[in-house]
Each structure stands twice: as C-alpha cells, then as structure tokens.
Amino acid sequence: MKRKTLCSLAAATLLALAGTMAAGTAAAQTKLKWAHVYETSETFHKQAVWAAEEIKKKTNGRYVVEVFPASSLGKETEINQGLTLGTVDIIYTGAAFAGRAHPPLSIAAAPFVFRDYNHFQAFRNGPIFQELAQGYAAKTGGQHIAGYTYYGLRHMTSNKVITKPEDMKGLKLRVPDAPLFVMFPKAVGANPTPIAFAEVYLALQNGTVDAQENPLPTIDAKKFYEVQKYITLTGHITESLVTVVSGPVWSKLNDADKKVFDQVLWEASSRASQDIVDAENRLVAEFEKKGKTVNKVDRAPFAAAVLPSLTAADAPWPKSLYERIQAIK
C-alpha cells in the first residue's frame, strides 16, 4: 500500500513538473505580427515567410512571427501607425512613408537620386543609410530598421503614349499616399492623386485616374497591365522598402536575439532585392509578349524637370545630404 502511494505521489510530481515546464515554455514564447501590403505571390512576402521560419529556428522557438500579407492588417499608412499603437510588430514600408517620421530618410524615395542599381547598393551598404536609420530610430521611440530591400525602378503605365515630360501635363496620376510622391508629377505638370495601393486596379479600371507608377514586378503582380495600354520606362524613382521592428519589441530583445533579427531580416531583404533585379531583367519581354507597348524614353528631360525640387531650401532633407549621396561611387 505504501509503495503504491509513493508511486502515485511520484507520478503526480512528474505530471506537475511537466505541466510547469510546458507552461514555462508557453510563457517564454513571444508571437509577433509582421504586416505588409504585398501579394503572397511577391518576393517580399515569400522572403518574410522565410525570415519568420529562420527567426523561430535561431531563437529555439522563443519568437514566432506570423506574416500578414495584402493589407490584411491595414493599408500602408495604417500599419505604420500600428507600430506605434502596438497592433503590429514588424512591417515593410516604403522609405517615403518612413520619412514622415524622419524626413531626411525620404530622400531614398526621391526621383532621380540614384544613378543606377549599383549606386543604390553602395548607399544601402554604406554609412549614410545607417545614419538615416539611426535618425529614424531616435524620432520614433526606438523603431529599428533591420532590413532594406530594393523594390525596383518605378515606371509609368497609362492609356496614352508618354515620351517626354510635356506628355504628362494634366495627367491624373495615382501616387502612394505619402507627400514625397507628388514631387515628380508636379515637376512635369501632372495631377498627382493619392490612392491606397489596394485600390489602384479599380481606380485605373473605372477611370478615376489615368495612370499609375510602380516597378515592373509590381505592375505584373497586381496585373495593372490588364487595364493600361502603355508601359513607359521612366525609371524616375529607385524605390525601396525598409523592414521595421517596433520600438517596444526591439527594446525587449536581448543582444543575442537582436543579432539574430538583424542578420535574418537583412539577409531576407538582400534575397528579395536580387529577386526584383532578376524580375526586372525579364519582364519587359514578357509584357511585350502580352501585347503591351513598352516605351524606352530619354530619362534626362524628366530628371532635369525634377532637379530644382531636390535641392530646394524647402526639401525634406538638407542639400548637403543630396550632395553626399551624389558623391557615392
């Protein structure tokens, strides 16, 4: 009888211990929400999913990241606000949107700032970008930029032929809902019309706007070519996305976990960047096969129209910052 009682007590102790360990494991697991506005077919989402798996693996399951694509947790403005409100923990966002909090950062989304992809990459991997990221963190209560992705050259789609800046006069051009994006259309006499990303296809289809501008992979993924006749390779903005971890989440990570997040999110942004470059290299031919007219224009007149705005006294960045970026080799 005594032996049976002892065995029962031992079994109960083991069950209690197992329960305590399970509870401890559950308590130690932190779930994070990563929100973005891109489709599941796009590399940005695929690399976010890859990064989530890597973070879980490298932190032994202590951090579990769930990725919410296609504006499911809000449009771009809303998910930026969500970082502050605590409704999301990680986001992709354009440099122009992040620049609302720290205006100098928005120069990365300004028209004709980068000569080519190599110039962008030198900026991405250099000290100026790190300075801007640190300035952003200081202005946002510690929101941390952990990745920086090449989004692609922004080109025009329209239902009229565009070969020179004068062709854009009066054109109702959809732009993202961030102030910097009006710089290019205003410089060439177009009518910038901010519309949320998720609503662009319908706006083009029903004639709310005449045209839109996005990189070729985005034009393909969102099927904008279905409701537009012409693609004009203005390449007016070298667009990029920052991967931002919220201040509260970043501050709670220990140094080892911060290193994991930084390494994984930066690698994910590098992988996505290469995917975009590869897509840009093949998509012109694919659009032409679909019967679209792809116009290759002289970009110099478009760039000349914008230049005064880039160095104006009321630009969101100091002229010296523009000059430093131009000096990057």
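Source: prediction; values computed, not measured.
- In this structure, Arg100 CZ and Gln81 CD are separated by 8.0 Å, a value rounded to the nearest 0.5 Å.
- Other residues, nucleotides and ligands contribute at most 12 non-hydrogen atoms within 6.0 Å of the NZ atom of Lys33.
- The backbone N or O of Ala96 sits nowhere less than 3.5 Å from a side-chain atom of Ser106 that would complete a donor-acceptor pair.
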List the steps, then state whether ring-ring contact (aromatic ring centres under 6.0 Å, His included) holds for His119 with Phe114.
-> CA-CA 6 Å; His119 186 197; Phe114 299 109; 5.4 Å; yes

Just do the side chain to side chain contact (heavy atoms under 4.5 Å, CB included) check on Glu131 and Arg324 with the steps written out, would you?
-> CA-CA 12 Å; Glu131 290 172 21; Arg324 286 177 66 199; 3.1 Å; yes

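- Annotation: side chain of Phe97 is not in contact with side chain of Val244 (no heavy-atom distance under 4.5 Å).
- Val242 and Ala98 make their closest contact through CG2-CB, 4.1 Å (heavy atoms, listed as atom of the first residue, atom of the second, distance).
- No donor-acceptor pair closer than 3.5 Å links the side chain of Asp177 to the backbone N or O of Ile195.
- Applying the salt bridge (charged side-chain N to carboxylate O under 4.0 Å, His left out) definition to pairs two or more places apart or across chains, those involving residues 282-302 are Arg282-Glu286.
- Smallest separation of non-hydrogen atoms from Ile162 and Val297: O-CG1, 3.7 Å.
- Across all non-hydrogen atoms, the minimal contact from Val67 to Ala52 is CG2-CB, 4.3 Å.
- You'll find the side chain of Ser246 stays beyond 4.5 Å of the side chain of Val88, heavy atoms only.
- Listed for the Gln274 side chain is no donor-acceptor partner under 3.5 Å among the backbone atoms of Arg271.
- Side-chain atoms of Asn125 never come within 3.5 Å of backbone atoms of Ala122 as a donor-acceptor pair (strictly under, hydrogens ignored).
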Trace of the side chain to side chain contact (heavy atoms under 4.5 Å, CB included) decision for Val245 with Gln143 | CA-CA 6 Å; Val245 182; Gln143 291 179 7; over 6 Å; no

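- One N or O on the side chain of Asp210 and one on the backbone of Lys172 form a donor-acceptor pair closer than 3.5 Å.
- A heavy-atom distance below 4.5 Å is found between the side chains of Pro176 and Phe181.
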Given Tyr117 and Leu153, is the side chain to side chain contact (heavy atoms under 4.5 Å, CB included) satisfied, shown in steps?
-> CA-CA 9 Å; Tyr117 181 68; Leu153 287 172; over 6 Å; no

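- The distance from the CD atom of Gln228 to the CE atom of Met156 is 8.5 Å, given to the nearest 0.5 Å.
- The two atoms that bring Lys229 and Asn159 nearest to each other are N-OD1, 2.9 Å, heavy atoms only.
- With values rounded to the nearest 0.5 angstrom, Phe44 atom CZ is found 5.5 Å from Leu241 atom CG.
- Under a 3.5 Å cut-off, the side chain of His236 and the backbone N or O of Pro111 do not form any donor-acceptor pair.
- For Glu213 (side chain) and Leu173 (main-chain N/O), no donor-acceptor pair under 3.5 Å exists by modelled atom type.
- Residues Glu166 and Lys169 are not paired through a salt bridge, judged by the lack of any N-O separation under 4.0 Å between the basic side chain and the carboxylate.
- Note: His144 and Trp250 have parallel aromatic rings, judged against thresholds of 30 and 60 degrees for the angle between ring planes.
- Between Tyr150 and Thr238, the closest side-chain pair of non-hydrogen atoms falls below 4.5 Å.
- The two residues His155 and Leu216 come nearest to each other via the heavy atoms CD2-CG, 3.7 Å.
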Step by step, would you call Lys222 with Glu39 a side chain to side chain contact (heavy atoms under 4.5 Å, CB included)?
-> CA-CA 8 Å; Lys222 300 295 285 187; Glu39 301 299 319; 2.7 Å; yes

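- Within 6.0 Å of atom NZ in Lys258, more than 12 heavy atoms from other residues, nucleotides or ligands are found, so the atom counts as buried in its surroundings.
- In this structure, the separation between OG1 on Thr30 and CG on Asp89 is 9.5 Å, given to the nearest 0.5 Å.
- Taking the side chain as every heavy atom from C-beta outward, Ile276 and Thr43 approach each other to under 4.5 Å.
- Thr218 and Tyr151 form a side-chain donor-acceptor contact under 3.5 Å, judged by distance and modelled atom types alone.
- Atom CD1 in Ile79 sits 8.5 Å away from atom CG in Leu73 (nearest 0.5 Å).
- Screening Trp266, Tyr136, Phe120, Tyr92 against Tyr148 for a ring-ring contact (aromatic ring centres under 6.0 Å, His included) leaves a single residue, Phe120.
- At least one donor-acceptor pair under 3.5 Å links the side chain of Glu78 to the backbone N or O of Lys75.
- Ring geometry, Phe184 versus Phe302: the interplanar angle falls from 30° to 60°, so the pair is classed tilted.
- The salt bridge (charged side-chain N to carboxylate O under 4.0 Å, His left out) pairs that include a residue from residues 231-257 are Arg62-Asp257, Arg154-Glu239, where partners are two or more places apart or lie in different chains.
- In summary, Glu66 and Lys31 do not engage in a salt bridge, as defined by a charged side-chain N under 4.0 Å from a carboxylate O.
- The closest donor-acceptor contact from the side chain of His36 to the backbone of Tyr38 lies under 3.5 Å.
- The closest side-chain heavy-atom distance from Leu132 to Phe123 is below 4.5 Å.
- If you check the side chains of Ser269 and Arg124, you find a donor sitting under 3.5 Å from an acceptor.
- Counting only distance, with no hydrogens or angles, the side chain of Ser71 and the backbone of Pro69 share no donor-acceptor pair below 3.5 Å.
- No hydrogens or angles considered: a donor-acceptor pair under 3.5 Å links the side chains of Thr157 and Gln212.
- Hydrophobic clustering of Ile, Leu, Val, Met, Phe, Trp and Tyr side chains at less than 4.5 Å, counting indirect connections, keeps Phe224 apart from Val161.
- Smallest separation of non-hydrogen atoms from Ala272 and Thr149: CB-CG2, 3.7 Å.
- From Leu32, atom CG reaches atom CD1 of Ile90 across 5.5 Å, with rounding to the nearest 0.5 Å.
- With sequence neighbours left out, Val227 forms a side chain to side chain contact (heavy atoms under 4.5 Å, CB included) with Tyr201, Leu204, Gln205.
- By the 4.0 Å N-to-carboxylate-O rule, Lys259 lies too far from Asp262 to be salt-bridged with it.
- A heavy-atom distance below 4.5 Å is found between the side chains of Ile325 and Ile107.
- Hydrophobic clustering (ILVMFWY, side-chain heavy atoms < 4.5 Å, transitive): Leu265 and Val64 are in distinct clusters.
- In the hydrophobic clustering of ILVMFWY residues, with side-chain heavy atoms under 4.5 Å counting as a link, Leu307 and Leu321 come out together.
- Taking a 6.0 Å sphere around NZ of Lys160, one finds it holds more than 12 heavy atoms contributed by other residues, nucleotides or ligands.
- Salt-bridge check for Glu199 with Arg174: failed, with every basic side-chain N at 4.0 Å or more from each acidic carboxylate O.
- Side-chain polar atoms of Glu76 and Thr93 form a donor-acceptor pair below 3.5 angstrom.
- Taking 4.5 Å as the limit, every side-chain heavy atom of Val37 sits out of range of all side-chain heavy atoms of Phe68.
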